[in-house]
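Worth knowing before you read on, the calculation uses all heavy atoms, side chains too, and leaves out hydrogens, waters and symmetry mates.
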Amino acid sequence: FLASIFRIFGHNYFSVRTVQAVLGALTCVTIYLTALCLFDKKVALIAGLLGAVNISFIKSSENLLTEALSTFLISLLVFFLIRLKNGRNLRWGFLVGALSGILALTRSETVFFLPFICGVWLLLIYLKRPSFRLSVKGCIVSLIIFMSIVLLWSYRNWRIYHAFVPITTTVGMNLYSSYCPPQGKLFGFTANDEIAQLSRKMGNEVEQSRFLVNAT
């Protein structure tokens with residue numbers, strides 16, 4: 001995401017913030033469309049306006065972090081999941097799988113989201129609410145596209161790190177930071193104690209992650 005912006009506009013942080021602000025605006029539009037699918041125009045307008053004045057949405061556009069992009073992807077994913085429920089073809093299943101895969105590369109913890117959704121689908125099939133054929137096809141298409149994206153990135157990691165890394169090498173740091181947050185209470189921030197600093201001296205990101213997992 002950042003590389004694409006830098007290639008077009010040069011190494012310019014203002015350009016990144018501008019693109020993230022546009023994504024934030026599109027997130028509000030997506031929230032509006034999602035609410036419109038579920039309720040009525042009045043409720044949708046209120047939902048969109050609440051998104052527009054959400055302080056966390058506004059602040060995330062200022063920082064070069066994954067939040068602005070991942071929030072947009074999550075809002076799109078929810079919208080397409082609703083369309084998949086109401087749709088009669090498999091293109092929505094394709095889009096759900098693609099968005100889930102890209103989202104997992106952006107926020108690795110969301111790798112469990114699509115399997116959870118497929119579990120809900122299977123439960124609905126058991127309860128005989130939706131069409132069995134359409135539900136199974138949508139689930140299979142989404143999982144295939146999702147796994148293809150994740151496996152392609154895993155292959156990329158294998159070529160770079162010469163180790164099996166499904167998505168990211170930050171698992172160790174995230175796990176350690178959740179157990180040993182800064183000042184013992186600042187959850188959501190990256191740890192920076194002696195153990196964390198020691199891990200950064202290791203040249204290989206895979207070794208850093210393993211070291212922090214063991215330390216945790």
If you apply the rule side-chain contact (heavy atoms from CB on, under 4.5 Å), what do you find for S60 with T71, and how did you get there?
CA-CA 9 Å; S60 65; T71 302; 5.5 Å; no

Where the side chain of [X] meets the backbone of [Y], is there a donor-acceptor pair that is under 3.5 Å apart?
X    : Y    : result
S199 : A196 : yes
N157 : I167 : yes
S178 : L175 : yes

Intermediate values then yes/no, side-chain contact (heavy atoms from CB on, under 4.5 Å), T168 and W153:
CA-CA 9 Å; T168 179; W153 193 255; over 6 Å; no

Please examine the side chains of [Y] and [X], heavy atoms only from C-beta on, and report whether any two atoms are closer than 4.5 Å.
X    : Y    : result
T106 : F1   : no
C180 : I195 : no
S142 : L114 : yes

Using side-chain contact (heavy atoms from CB on, under 4.5 Å), reason through L99 and L103 one step at a time and then give a plain yes or no.
CA-CA 6 Å; L99 281 172; L103 177 61; 5.9 Å; no

Cluster overlap [X] with [Y], hydrophobic side-chain contacts below 4.5 Å:
X    : Y    : value
L50  : L45  : no
F146 : L151 : yes
L64  : L73  : yes

Starting at [atom1] of [X], measure out to [atom2] of [Y] and round the result to the nearest 0.5 Å.
X    : Y    : atom1 : atom2 : value
I160 : T169 : CD1   : OG1   : 10.0 Å
T34  : I31  : OG1   : CD1   : 7.5 Å
C139 : I144 : SG    : CD1   : 10.0 Å
S100 : I117 : OG    : CD1   : 8.0 Å

Listing, residues 206-214 side-chain donor-acceptor contacts under 3.5 Å, not counting sequence neighbours, or none:
| from | atom 1 | to | atom 2 | distance (Å) |
| --- | --- | --- | --- | --- |
| Q208 | NE2 | M202 | O | 2.6 |
| S209 | OG | G172 | N | 3.0 |
| N214 | ND2 | R210 | O | 3.2 |

Could you tell me which residues satisfy ring-ring contact (aromatic ring centres under 6.0 Å, His included) with Y13, sequence neighbours excluded, listed by chain and number?
H11

Residue set satisfying salt bridge (Lys or Arg N to Asp or Glu O under 4.0 Å) with R107, at least two apart, ordered chain then number -> E67, E109

Which residue pairs satisfy the salt bridge (charged side-chain N to carboxylate O under 4.0 Å, His left out) criterion with at least one member in residues 20-35, sequence neighbours excluded?
none

For residues 16-30, please give each side-chain donor-acceptor pair under 3.5 Å, one per line with the distance, not counting sequence neighbours.
| from | atom 1 | to | atom 2 | distance (Å) |
| --- | --- | --- | --- | --- |
| R17 | NE | E62 | O | 2.7 |
| T18 | OG1 | F14 | O | 2.8 |
| Q20 | NE2 | S61 | O | 3.0 |
| Q20 | NE2 | N63 | O | 3.0 |
| T27 | OG1 | L23 | O | 2.8 |
| T30 | OG1 | L26 | O | 2.8 |

Go through the structure and list residues passing side chain to side chain donor-acceptor pair (under 3.5 Å) with R200, not counting sequence neighbours.
N192

Would you name the heavy atoms of F164 and S154 that are closest together and state the gap between them?
CE1-CB, 4.5 Å

With side-chain contact (heavy atoms from CB on, under 4.5 Å) as the test, pick out the partner of L105 among L152, T110, I149, T66.
I149

